[in-house]
Amino acid sequence: MSELESEYRLEYFEENDFVRKECSECGAHFWTRDHDRTTCGEPPCEEYSFIDNPGFDDEYTMEEMRETFLSFFEEHGHARIDPYPVAANRWRDDVLLTQASIYDFQPLVTSGRTPPPANPLCISQPCIRMQDIDNVGKTGRHTMAFEMMAHHAFNAREEVGDRYAYSGEVYWKDRTVELCDELFASLGADVTEITYIEDPWVGGGNAGPAIEVIYRGAELATLVFMSLEQDPEGEYELKDGNRYSPMDTYIVDTGYGLERWTWMSQGTPTVYEAVYPDMIDFLKENAGIEHTDDEETLIHRAAKLAGHMDIDEADDMDAARDNIARKLDVNKHELESLMRPLEDIYAIADHCRALAYMFGDGIVPSNVGTGYLARMVLRRTKRLVDNVGIDAPLDELVDMQAKRLGYENRDTVRDIVRTEERKYRKTLERGGRRVRQIADEYAGSGEPIPTETLIELYDSHGIQPDMVREIAEERGATVQVPDDFYSLVAARHDSEQAFEDADRADDRLADLPETEKLYYEDQDRSEFEAVVLDVFEREEGYDVVLDQTMFYPEGGGQPADRGTISTGDVTAEVEDVQIRDGVVLHRTDRDPGKGEFVRGQIDANRRRRLMRHHTATHVVGHATRQVIGDHIRQAGAQKGLESSRFDVTHYERITREEVKEIERVANEIVMDNVPVKQEWPDRHEAEERHGFDLYQGGIPPGEKIRLIHVAEDVQACGGTHVRRTGDIGAIKILNTEPVQDGVERIVFAAGEAAIEATQRTEDALYDAAEVLDVSPQEVPDTAERFFAEWKERGKQIDRLKRELAEARAAAGADEVDIDGTPVVIQRLDADSDELRATANALVDEGKVAVLGSARGGSAQFVVSVPDGVNVNAGEVVGRLAAKVGGGGGGPADFAQGGGPDVDALDEALDDADDVLRTVLNA
RNA sequence: GGGCUCGUAGAUCAGAGGUAGAUCACUCCCUUGGCAUGGGAGAGGCCCCGGGUUCAAAUCCCGGCGAGUCCA
C-alpha cells in the first residue's frame with residue numbers, strides 16, 4: 001500500500017459519492033462514482049468504448065477543442081498563456097525538446113526564483129516525445145507531436161512568507177479534480193464512466209501524488225501534484241526507490257492531451273483521423289489506398305483492439321497483431337497487409353507535424369542536439385513516404401502541417417526540408433554504392449555479410465541494416481541481422497561521459513551582500529571608490545570582495561576586466577574577476593586589507609575594445625538574420641580584444657557573397673550611429689513584446705531582466721556596451737567556419753582591431769604581390785598563371801628526364817658481360833625519378849641496370865632487370881644497400897633501396913658485379 | 001560534447017611502404033549519308049595541408065583542414 005494513499009482521500013471525492021476501488025485486472029487503486037465498477041478502465045484492462053460512440057455531445061476539430069479548453073479555464077479564473085517553442089534547450093540545458101507544459105516553467109518558476117507569467121494559468125503547449133516513436137501509427141493513439149493542454153497553479157507554503165517569487169496557495173488537489181470533472185461535464189460526458197486512478201508521479205528529482213483520468217478506455221488527463229523533492233532523509237519512499245520530503249513550493253501540474261480529447265469527441269477509429277482528416281485523405285489518395293466496405297468494417301473493429309499494439313507492453317508487435325487477428329477471426333497476414341500502409345500514413349502525418357514544429361521553431365538539422373533528433377525524424381519520415389509510395393515532395397507534406405499550425409516562416413521550413421532531403425539522398429547513394437560493393441564480395445563466397453560489417457555500415461555510414469539486406473539480396477548475398485543489433489552498436493559507444501562540476505554555492509559568500517554593479521550605471525567610467533568587505537586567500541593570490549565595483553566579471557562570453565585596486569600604500573593587480581551568487585570576486589596578487597577604502601581603476605583601453613566587440617556582436621547577429629533568415633540564432637559567442645567569434649545556427653555553409661552582405665549591413669548600422677539603450681523591464685512584459693528570441697545567450701533568472709537595444713535588435717544581455725553604434729568604428733568579418741553540422745562560426749573584428757586585421761590581410765597580399773613582382777590586383781591572375789606554368793614545367797621536366805635517360809642508355813655506358821647478360825653498372829648522382837627512367841631505358845634495350853646515386857645526402861640504388869633474365873632485383877638491391885648501411889627491396893624485375901653511408905657508395909658499386917654473379921648463381 | 005569512417009584524374013573508386021591505376025566523362029582519329037553505336041589514340045594528378053618515422057610515404061604515426069555518420 002502506497003504511503004501516499006492518504007493523499008488521495010479528497011473531500012471532493014467524498015462529497016460527490018465517489019468510492020475507492022482496486023482494479024480486478026491490474027490491481028491499481030482508483031476512484032469512481034460507479035459503485036459497481038470492477039476495473040480501472042485503462043487498456044489493457046478494458047477496451048476503447050468510444051470508437052463509433054463519441055464520448056461528448058458534439059464533435060470538435062483540434063482547433064475547436066483547444067479553444068473550448070482554454071476558454072473553459074479562462075472562465076474559471078485562469079489566464080491564457082501563449083505556447084513556448086518545442087526546442088526546450090532554448091531556455092534550459094537539461095533537456096532538448098519540450099515534452100510537457102510544465103517544461104515551460106522549469107527550473108526558474110518551479111523553484112520559486114522567478115514568478116510565473118500568471119497564476120493560475122492555462123496553456124496548450126506543443127510537445128514532442130521521441131520515446132513513443134515506434135508506437136506512432138500502430139496503436140491508433142500514440143503521436144510523437146502533440147499539444148498538452150494544461151492548467152497550472154503555483155503555490156508556496158504560508159509559513160515561508162515571501163521568500164519565493166510567489167506566495168500562498170492558489171488552489172490544490174480538490175479544486176484541480178473539481179475543475180477536471182466540471183470540464184468533462186460541460187462537454188456532456190457521462191461522469192459516472194470516468195475513473196481517477198491513483199498513480200504517484202516521480203521524475204527529475206521531484207515527485208508527488210498524481211491521478212490518471214480515464215474515460216471510455218482512453219487516458220484523457222493526468223493531474224500531478226508536485227510537492228516532494230528528493231531527500232535522503234525524507235519521510236516518503238517512492239517507486240523509484242528514493243526518499244522524498246515536502247518542498248516549500250507545491251505546484252499543480254496537469255496535462256490534457258488535445259488530440260485525445262478531439263478523438264474522444266469524434267470517435268474515429270484512430271486519433272490520427274480525428275486530428276489530421278485532410279492530410280490523411282490526401283495521403284491515402286496519393287498512395288492509391290482504397291478500401292471495400294468489408295475492409296472498412298474490419299479496420300474499425302481492429303482499431304478498437306489496437307490499444308494492445310504497444311511495443312512497451314506487448315512482448316512484440318507480431319504477437320500483438322496475432323492476438324488481434326485471432327479475436328477478429330481473420331488471417332494475420334491479411335490484416336497486416338491491410339493495416340501496414342495505413343499505419344505508415346498515420347505516422348507520416350504525425351511526423352510531418354513534428355517536423356513543422358521543430359523547423360518552425362527554429363531548430364536546424366545537425367549531427368548534434370535537437371538538430372540531430374530533427375534529422376532522424378526527417379529521415380524516418382522520408383523512408384515511410386517512399387515505402388508507402390507517396391510521390392509528393394516531403395517539403396510539401398511538412399508545409400501542409402506548418403500551414404495548419406500557422407507558422408510564418410514556411411519558406412525557410414521548406415528550404416530546410418529540401419536541403420536535408422538532398423543530404424539524405426546523397427548519403428543513401430553513397431551507402432548504396434558501398435553496400436553493393438560489399439555484397440558483391442560476399443555473393444560469391446556463400447558466407448553472409450558479417451555482423452561486424454553491418455555495425456560498421458550503420459555506425460560510420462548511417463546505413464540501416466534493412467537497406468543492406470535489400471541490396472544484398474539483389475546481389476545474391478545473404479544478411480542476418482542479430483536481434484540485439486542496436487545494443488551492439490551502443491556497445492561501441494560505451495565510453496564514460498566526463499562530467500563538469502557545476503559551480504557550487506560557496507558558503508563563505510553566504511553572509512556577504514550582493515556587490516553593487518557600477519558597470520551598468522555608467523559603462524564609460526573607469527575609476528571608482530569602494531570598501532573592502534572581505535578578502536579570501538587563494539592558493540595563489542586573493543579574492544577581494546568590495547561593496548561596489550566597476551570591474552565587469554567574466555560572463556556572457558565577455559572576458560573579465562583587468563586593472564588595479566589601491567589603498568594609500570598597496571596597489572593590487574586585478575588578474576581576473578568572477579561572480580558567484582551576485583558577489584563579485586576580484587582575483588588579485590596582493591591583499592589590500594579587509595575594511596580598507598580603496599580606489600579601483602580598470603584597464604580602460606581593454607574594456608573599450610571589449611565593449612566595441614560586444615555591441616558589434618549584437619550588430620553582426622542582427623545583420624546575419626537580415627541577410628540569411630530568421631532561423632539564425634546564437635549558438636555561442638566569445639568576445640575578445642583582437643577578434644570575436646559568433647556561432648549561429650544555419651543549415652548550409654555561409655557563402656562569400658553572404659559574408660560581404662552581412663558586413664555591409666553591419667557597417668550600415670554602425671554608420672547610422674544609433675543609440676544603444678539598456679532597460680530593466682518585467683520579464684513577462686519583455687517576453688510579450690519581443691518573444692523568446694530575446695534569449696539568444698541563455699535565460700537569466702529574476703523578475704526583471706536587462707535588455708539591450710541596438711537598432712531594431714533587442715536581447716537580454718548582461719554585458720557592457722558602447723553608447724552609440726558609431727562608437728564601434730568599423731566591423732570586419734575575418735572568416736567563417738563550420739563548428740558542427742548546422743552551426744557556422746563568424747569571426748569578426750571591431751574598431752581598431754578591425755583596422756589591424758585588415759592591415760594584416762593586406763600585408764599578406766602585398767607580400768605576395770612583391771614576390772610575384774606585380775600589383776596586388778594582379779596577384780590572382782598571376783598566381784593562376786604561375787601555377788599553370790609550374791605544372792607544365794613539371795611535365796616538361798619529366799619528359800626531359802625520360803629523354804636524357806634514353807640518351808644515356810643509348811650512349812652505352814660501361815657495359816660488362818656477366819654470364820652472357822649485358823649489365824650496366826653506373827653512378828649517376830641524379831634523383832630517384834631519373835635513376836628509374838634511366839634504368840627503364842636500359843631494360844628496354846635488354847640490359848640489366850644497376851644504378852647508384854648520392855643525391856640528397858643518402859646513397860640510393862635502382863636495379864632493373866629485363867624479362868627472361870634470371871636475376872632477382874630485390875635481392876641485388878638488398879645486398880648493395882646493406883653495404884651503405886640501409887635496406888631496400890621491390891618486385892623481382894625492379895627494385896630500389898639505399899642507405900645513409902654515402903662514402904661507401906663507390907665501393908658498393910665496385911662490388912656490384914660480384915653481387916650479381918652471386919645472385920645469378922644462387 | 002564523444003566515438004567511428006573517408007579525403008587519389010571532372011565523377012565514381014582501386015592501390016595500403018618500392019615505376020600512381022581502372023571505369024565513365026572529355027579531346028582527336030577511324031567506321032557512317034547523319035545518329036545510336038563500334039574500333040583506336042590522347043589529354044587530364046601539389047595522391048587535402050603541415051610535421052614525423054624510413055634508404056624510400058599516396059600508403060605508417062602525430063597534428064590540422066574538409067566531408068560523412070552514430071551516440072548522449
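Naming: A, B, ... by sequence-line order, numbering from 1 per chain.
A:Glu429 has its CD atom 15 Å from the C1' atom of B:A67, to the nearest Å. For A:Asp741 and B:G66, the CG to P distance is 12 Å, given to the nearest whole Å. The CG-P distance, from A:Asn367 to B:C4, rounds to 15 Å in whole Å. Distance CG (A:Leu835) to C1' (B:A56): 12 Å, rounded to an integer number of Å. Separating the CZ atom of A:Phe787 from the C1' atom of B:G45 is a distance of 10 Å, rounded to the nearest angstrom. In this structure, NZ of A:Lys791 is placed 9 Å from C1' of B:G44, rounded to the nearest angstrom. Between the CG atom of A:Asp901 and the P atom of B:C55 there is a distance of 12 Å, given to the nearest Å. Distance OH (A:Tyr486) to P (B:A72): 13 Å, rounded to an integer number of Å.
A salt bridge links A:Glu789 with A:Arg793: the closest approach of a Lys/Arg side-chain nitrogen to an acidic carboxylate oxygen falls below 4.0 angstrom. A:Lys423 and A:Asp741 are joined by a salt bridge, as a carboxylate oxygen and a charged side-chain nitrogen come within less than 4.0 angstrom of each other. Looking at A:Asp466 and A:Arg469, a side-chain N of the basic residue comes within less than 4.0 Å of a carboxylate O on the acidic one, giving a salt bridge.
The base-pairing partner of B:C4, taking Watson-Crick or G-U wobble contacts with both distances under 3.5 Å, is B:G68. Here B:A14 sits opposite no nucleotide as a Watson-Crick or G-U wobble pair (both hydrogen-bonding atom distances under 3.5 Å). Across all strands shown, B:U27 pairs with B:A41; the Watson-Crick or G-U wobble distances both stay below 3.5 Å. In this structure, B:U59 forms no base pair with any nucleotide, since neither Watson-Crick nor G-U wobble geometry is met with both distances under 3.5 Å. Base pairing of B:U54 is not made with any nucleotide, judged by Watson-Crick or G-U wobble geometry with both donor-acceptor distances under 3.5 Å. The base-pairing partner of B:C46, taking Watson-Crick or G-U wobble contacts with both distances under 3.5 Å, does not exist among the strands shown.
When distances are taken from the side chain of A:Arg379 to each of B:A67, B:U19, B:U69, the shortest belongs to B:U69. Closest to the side chain of A:Gln740, from the set B:C55, B:G1, B:C46, is B:G1. Taking the side chain of A:Arg836 as heavy atoms from C-beta on, and the options B:A20, B:C70, B:G44, the nearest nucleotide is B:A20. Distance from the side chain of A:Glu456 is smallest to B:U5 among B:C46, B:U5, B:C55.
A cation-pi geometry, defined here as NZ or CZ lying under 6.0 Å from the six-membered ring centre and within 45° of its normal, does not hold between A:Arg129 and A:Phe146.
Within the 4.0 Å cut-off from OP1 or OP2 of B:C55, not a single side-chain nitrogen or oxygen of A:Arg855 is found. The side chain of A:Lys426 places no N or O atom within less than 4.0 Å of a non-bridging phosphate oxygen (OP1 or OP2) of B:A67. Distances shown here put every side-chain N or O of A:Lys423 at or beyond 4.0 Å from the OP1 or OP2 atom of B:U69. For B:G3, neither phosphate oxygen OP1 nor OP2 lies less than 4.0 angstrom from any side-chain nitrogen or oxygen of A:Ser460.
Taking the 5.5 Å centre cut-off and the 30° plane limit, the aromatic side chain of A:Phe894 is classed as stacked on B:U19.
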**Request:** Go through A:Gln131 and A:Gln99 one step at a time and tell me if the side chain to side chain donor-acceptor pair (under 3.5 Å) criterion holds.
**Result:** CA-CA 10 Å; A:Gln131 299 91 306; A:Gln99 298 199 13; 3.0 Å; yes
**Request:** Check the pair A:Tyr651 / A:His631 against ring-ring contact (aromatic ring centres under 6.0 Å, His included), numbers first and verdict last.
**Result:** CA-CA 9 Å; A:Tyr651 50 92; A:His631 62 286; 5.0 Å; yes
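Comparing A:Asn840 and A:Gly898 by the nucleotide of RNA chain B whose heavy atom lies nearest to each, the residue mapping closer to the 5' end is A:Asn840. Each of A:Gly897 and A:His461 was matched to the nucleotide of RNA chain B holding its nearest heavy atom; the match closer to the 5' end belongs to A:His461.
Aromatic rings from A:Tyr84 and A:Trp91 are positioned such that their centres are separated by under 6.0 Å.
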**Fill in**
Heavy-atom contacts, protein to nucleotides 7-17 of chain B, under 4.0 Å, summarised as B (base), S (sugar-phosphate only) or - (none) per nt, yield -----SSS---
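Between the OG1 atom in A:Thr98 and the CZ atom in A:Arg92 there is a gap of 8.5 Å [rounded to 0.5 Å]. Considering CZ of A:Arg802 and CD of A:Glu806, their distance stands at 7.5 Å, rounded to 0.5 Å.
The base of B:G3 lies close enough to the side chain of A:Asp459 for a donor and an acceptor atom to sit less than 3.5 Å apart.
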